[in-house]
Amino acid sequence: MLSNSKSNLLAGFLLGILLSTGVFALCVRHISGDRQSGGAEIVLKLGHSLDQQHPVHLSLEHMGELLRKKSKGSVELQIFPNGQLGSETECIEQLQRGALDMTKTSTAPLESFLPEFALFSVPYLFRNEDHAWQVFTGEIGKELLRKGGEAGLRGLCYLDAGARSFYTTTKPILAPKDLKGLKIRVQSSQTAMEMVESLGGSPTPMAFGELYTGLQQGMVDGAENNPPSFYSNRHFEVCKHLSLDEHARVPDILLISESTWSSLPAQVQTWLQESADEASEFQRKLWQEKTAKVLLDVQSEGVTVHRPEKSLFATQVKPMVAKLQGTAVGKLIERVQGLP
Ligand code: GCU
C-alpha cells in the first residue's frame, strides 16, 4: 500500500497526465484537419434540433459557406440537425464541458443556465417584431449575449424565431378558457410553464424531437411554436387547429463553447463573428418569406388557422408578469417596455 502522501503524489501525477492529454486533444481537434473535413484545418461542430428545410438550418448553412469563403477553406462548419447530438439542453451542457463546439438553441432552455434569459419567454413582452429586434440587436440583447460567459457559453448572435402560437389535436384555442384541461407541451423553461398555467392549460415539458410522437400518441393535446417549426416538423399532420395568439417572441441564439472560442486564433474569431452577423441578417429576411408561405401550405394540408383576440390572452398573463417586478428579469422588462 502506498502512504497517503505518496498516493496523493501519484494521483496528482495521473491527473496532470489526464489534463494535459485532454488539453492536447482539444488543440488537435481544432487544428489537425484530419477529420473528414475535406482539408479544412479547423472544423467546428454545431448541433441543433431543427429540420434541414427549416429557415434556421438554411441560414446556418449560409453561415458555413461564408466562413469557408472568408477562411479560404481552412475553417469548416459541420452541422448536425434534427437533434442528432441531443436535445437543446443536452447540447448546451456539451458546450459547457467543451465536448461540442457550437449549438443553435431557443433562448428558452437557456433560462436554466442563465436566469436573465427568462426575459425573452415573458408573454406579450414585445409590441411587435420591430420592437423585438430593437431589443435583440440593441444594448439589452448584447448584454445578454455577453452574460453567456458566466456559464462557459459565448453568444454570437440571435436568429429570428418569430412569434409562438398554440396548436392542438382537438379544438381551436380562441380564448384562454379553451386551454382548460389540455396538456400543452412546453420547452424546458420555467417561464413557459408559468405562462401555460396562467392561461389555464397543463404545461408538459418535452424535448422538441419527441413532440411529434407525443402529439400522435396523445401524451399531449397540443403545443406552441412558430409556423415554420409547426410546418417543418410536420406537426400539422396531427394538429389541425393553429391559433395565432402570438403569445411570445422567443428568439433563437447561436452559442459557441468558451473553451472552443478561446482556442481559436483571433482571425478565425473575427471571421466567425462576421459570418454569424451576416447569417442573422440573411435569416431574418428568409424568415418572413417562409412564415407567409408555410401558413398557406398548412392550410392546404387541412389545418384551420384561427386568429383569436390576443388581448384576451395578454390580460390573463398580466398577474404572472407583475410578479416579476423588482427581480433582475423585472428590471429588464421595464427597460424593454421603456424603449420608444
Ligand atoms: C423553436 C426553436 C427551436 C426549439 C423549438 C421548441 O422552433 O427555433 O430551437 O427547439 O422552438 O419548441 O423546442
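When reading the values below, keep in mind they use all heavy atoms of this one structure, side chains included, and skip hydrogens, waters and symmetry mates. Indexing begins at 1, ligand by ligand and atom by atom, following the structure's order.
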- Query: Heavy-atom distance under 4.5 Å between the side chains of Arg284 and Glu129, does that happen here?
  - Reply: yes
- Closest non-hydrogen contact found for Leu156 with Ala276 is CB-CB, 4.1 Å
- Going by heavy atoms, is Glu224 under 4.0 Å from ligand 1? no
- Report yes if the distance between the aromatic ring centroids of Phe236 and Tyr167 is under 6.0 Å, otherwise no. no
- Message: Using a 4.0 Å cut-off to any heavy atom of Ser106, which atoms of ligand 1 qualify?
- Response: 9 (O)
- Task: For ligand 1, indicate whether the residue His48 contacts it via side chain, backbone, both or neither (heavy-atom separation under 4.0 Å).
- Result: neither
- Does the side chain of Gln283 reach to within under 4.5 Å of the side chain of Val56, using non-hydrogen atoms? yes
- Task: Please work out which of Glu88, Lys104, Arg185 has its closest non-hydrogen atom nearest to atom 13 (O) of ligand 1.
- Result: Arg185
- Going by heavy atoms in the side chains, are Leu264 and Trp271 under 4.5 Å from each other? no
- Would you kindly specify which portion of Leu50 sits under 4.0 Å from ligand 1, judged on non-hydrogen atoms: side chain, backbone, both or neither? side chain
- Message: Do Lys70 and Leu67 have side chains that approach each other closer than 4.5 Å (heavy atoms only, starting at C-beta)?
- Response: no
- Item | Nearest-contact summary for atom 7 (O) of ligand 1 - protein heavy atom, Å | Ser229 OG, 2.6 Å
- Message: I need the atoms of ligand 1 closer than 4.0 Å to a non-hydrogen atom of Ser49, numbered in the order shown.
- Response: 9 (O), 10 (O)
- Message: Just to confirm my output: which protein heavy-atom neighbour is closest to atom 11 (O) of ligand 1, and how far is it?
- Response: Arg164 NH1, 2.9 Å
- Item | Non-hydrogen atom of His54 closer than 4.0 Å to ligand 1 | no
- Val56, portion touching ligand 1 at heavy-atom distance under 4.0 Å: neither
- Heavy-atom side-chain proximity of Tyr231 to Lys290 below 4.5 angstrom: no
- Counting both backbone and side chain atoms, is some N or O of Thr105 under 3.5 Å from an N or O of ligand 1? no
- Nearest non-hydrogen protein atom, atom 2 (C) of ligand 1: Asp252 OD1, 3.3 Å
- Would you mind finding which of Asn225, Leu211, Val186 brings a heavy atom closest to atom 1 (C) of ligand 1? Asn225
- Aromatic centroids of His247 and Phe313 separated by under 6.0 Å: no
- Contact atoms of ligand 1, heavy-atom distance to Asn226 under 4.0 Å: 1 (C), 7 (O)
- Query: Just wondering, do Leu119 and Ile333 contact through their side chains at under 4.5 Å, heavy atoms?
  - Reply: yes
